[in-house]
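Throughout, protein chains are lettered first and strands after them, A, B, ... in sequence-line order, and every chain is numbered starting at 1.
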There are 2 protein chains.
Amino acid sequence: MSDEMHARRMQKKKDVVDGRIARATEERGVLILLKGNGKGKSSSAFGTLARSLGHGQKGAVIQFIKGRRETGEYRFFREYPNLDWHIMGHGFTWETQNREQDIEAAQAAWAVAEGLLKDPAYQLIVFDEMSYMFKYGYLDPEPVVAALQQRPRHQSVIITGRTMAQPLQEIADTISVVQDERHAFRGGVKAQAGIEF
Amino acid sequence: MSDEMHARRMQKKKDVVDGRIARATEERGVLILLKGNGKGKSSSAFGTLARSLGHGQKGAVIQFIKGRRETGEYRFFREYPNLDWHIMGHGFTWETQNREQDIEAAQAAWAVAEGLLKDPAYQLIVFDEMSYMFKYGYLDPEPVVAALQQRPRHQSVIITGRTMAQPLQEIADTISVVQDERHAFRGGVKAQAGIEF
């Protein structure tokens, strides 16, 4: 490609991007859903959290599923002053096989979540792996949708999980589907610190 | 669902997961590609970086495309002691429209990247938005593939960008495709600090 053609191509792209920027004028918090079976949903939420904290915003995380190990993200973020990090009461649902205990833990986590959604001090809230709560019937989506709709106008929320409940999808501003095209795990590589947890 | 059915279902899931874990035994660094047009690729890389740093690992980031503003992720991570953060020389390619200057900046960034890929001290390296370098012909994928293949065995690398060069896809361990199902920007919401940058 000639330099001139390149310059024309880039100018055209710039015009398209500038036009889009001019049309997007609303300033408010957004609801972002990260769904699908691919790797990178929770880490994407934590990366956005870093971005938000970098701008001096106050954040909160509720992890609705607790792994067996202390995660790198928890170790990294837990001391951060402008951030609350909550982990739901016990291990993976398929580790515990106790429905009653799971429901209790989910309800307790939701009680904390509801409080955050009423507090205008929080600019970004992450509900990590929340979708399992709906899938297994531990939480009802309706009160969650109501609380999300009534949250402070500038507050953004990110919800992650493989299968997202339909009522949440209806009110979301942004939905990204992370698809698994290939995964090292299926190639025989062990889950490892710093990558998977 | 009865409690007994639930317990059986969870036990079955646990067996499947445990079986997979038992079969994945190799311990080595992985090459992860995050591609597609959806929101969340770079933030996913930065979230994984937080995870890795949380385990005391040493990391590095090269951002191959520089925005017009100082990003939240840069503000958040730049002071972190165990991490190097490099930003390629100048603004968005479609902002500059100068092919020669872009190629120079890309080559300089690649020189830094190549050094990192030879240094066993780094456990996780992020090449953010690198895919544009191949798309616009600023970098040739072949030497990049060669350097990736010769990197220290325990070193993991994450490369992000919309369209990924084919030679990189051939050697990747994990590929996630982030698809845009909905985006607040198209709904008229302005790009905002803490979410988009």
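Residue contact with chain A, scored on non-hydrogen atoms closer than 4.5 Å, involves the backbone and the side chain of B:Leu53 alike. If you measure heavy-atom distances from B:Ala193 to chain A, the contacts under 4.5 Å come from both the backbone and the side chain. In this structure, chain B has a heavy atom under 4.5 Å from the side chain of A:Ile32, while its backbone stays farther away. In this structure, the portion of B:Leu124 lying under 4.5 Å from any heavy atom of chain A is its side chain and not its backbone. The contact between A:Glu196 and chain B is made entirely by backbone atoms, counting heavy-atom distances below 4.5 Å.
In B:Glu104, the CD atom is not crowded: 12 or fewer heavy atoms of neighbouring residues, nucleotides or ligands sit closer than 6.0 Å.
Of all non-hydrogen atoms in A:Ala147 and A:Leu117, the two that sit nearest each other are CB-CD1, 3.8 Å. Pairing each heavy atom of B:Val126 with each of B:Ala45, the nearest pair is CG1-CB, 3.7 Å. Looking at every heavy atom in both residues, B:Asp102 comes nearest to A:His6 through OD2-NE2, 4.0 Å. Across all their heavy atoms, B:Glu129 and B:Ser42 have their closest contact at OE2-OG, 3.9 Å. Pairing each heavy atom of A:Gln107 with each of A:Tyr138, the nearest pair is NE2-O, 3.5 Å. Here the closest heavy-atom approach between residue B:Gln155 and residue B:Asp119 is recorded as NE2-O, 3.2 Å.
Heavy-atom proximity under 4.5 angstrom to chain B picks out A:Glu70, A:Thr71, A:Gly72, A:Glu73, A:Arg75, A:Phe76, A:Phe77 from residues 70-79 of chain A. When the heavy atoms of residues 179-188 of chain B are compared with those of chain A, the residues falling under 4.5 Å are B:Gln179, B:Asp180, B:Glu181, B:Arg182, B:His183, B:Ala184, B:Phe185, B:Gly187, B:Gly188, listed by number.
Per-residue counts of heavy-atom pairs under 4.5 Å with chain B were compared for A:Ala191, A:Ser176, A:Ala172, A:Gly36; the largest is that of A:Ser176. When each of A:Arg8, A:Arg28, A:Arg23, A:Lys12 is scored by its heavy-atom pairs under 4.5 Å with chain B, the top score falls to A:Arg28. Counting heavy-atom pairs closer than 4.5 Å to chain B, the top residue among A:Ala7, A:Gly40, A:Ala50 is A:Ala50. Contact count against chain A (heavy-atom pairs under 4.5 Å) is highest for B:Ser44 among B:Gly54, B:Ser44, B:Gly47. Ranked by heavy-atom pairs under 4.5 Å with chain B, the list A:Ile195, A:Leu31, A:Thr25 is led by A:Ile195. For chain B, the option among A:Gly29, A:Ser43, A:Ser52 with the highest count of heavy-atom pairs below 4.5 Å is A:Ser43. Interface remark: of the candidates A:Tyr80, A:Phe197, A:Phe46, A:Phe197 forms the most heavy-atom pairs closer than 4.5 Å to chain B.
Within the model, atoms CG of A:Asp15 and CE of A:Met10 stand 12.0 Å from one another, a figure rounded to the nearest 0.5 Å. The distance from the CD1 atom of A:Ile125 to the CZ atom of A:Arg151 is 8.5 Å, given to the nearest 0.5 Å.
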Exercise for the section: Could you check B:Thr163 against B:Ser131 for side chain to side chain donor-acceptor pair (under 3.5 Å), going step by step and ending with a plain yes or no? Expected result: CA-CA 6 Å; B:Thr163 322; B:Ser131 71; 5.8 Å; no
Handout entry: A:Glu26 and A:Arg153: CA distance, side-chain angles, deciding distance, salt bridge (charged side-chain N to carboxylate O under 4.0 Å, His left out) verdict
Key = CA-CA 11 Å; A:Glu26 208 184 338; A:Arg153 189 172 158 79; 3.6 Å; yes
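In the model, A:Gln150 has no side-chain atom that pairs as donor or acceptor with a side-chain atom of A:Lys118 under 3.5 Å.
The ring-ring contact (aromatic ring centres under 6.0 Å, His included) pairs that include a residue from residues 102-126 of chain A number zero, where partners must be two or more places apart or lie in different chains.
Under a 4.5 Å side-chain heavy-atom criterion applied to ILVMFWY residues, the cluster that includes B:Val178 comprises A:Val178 as well.
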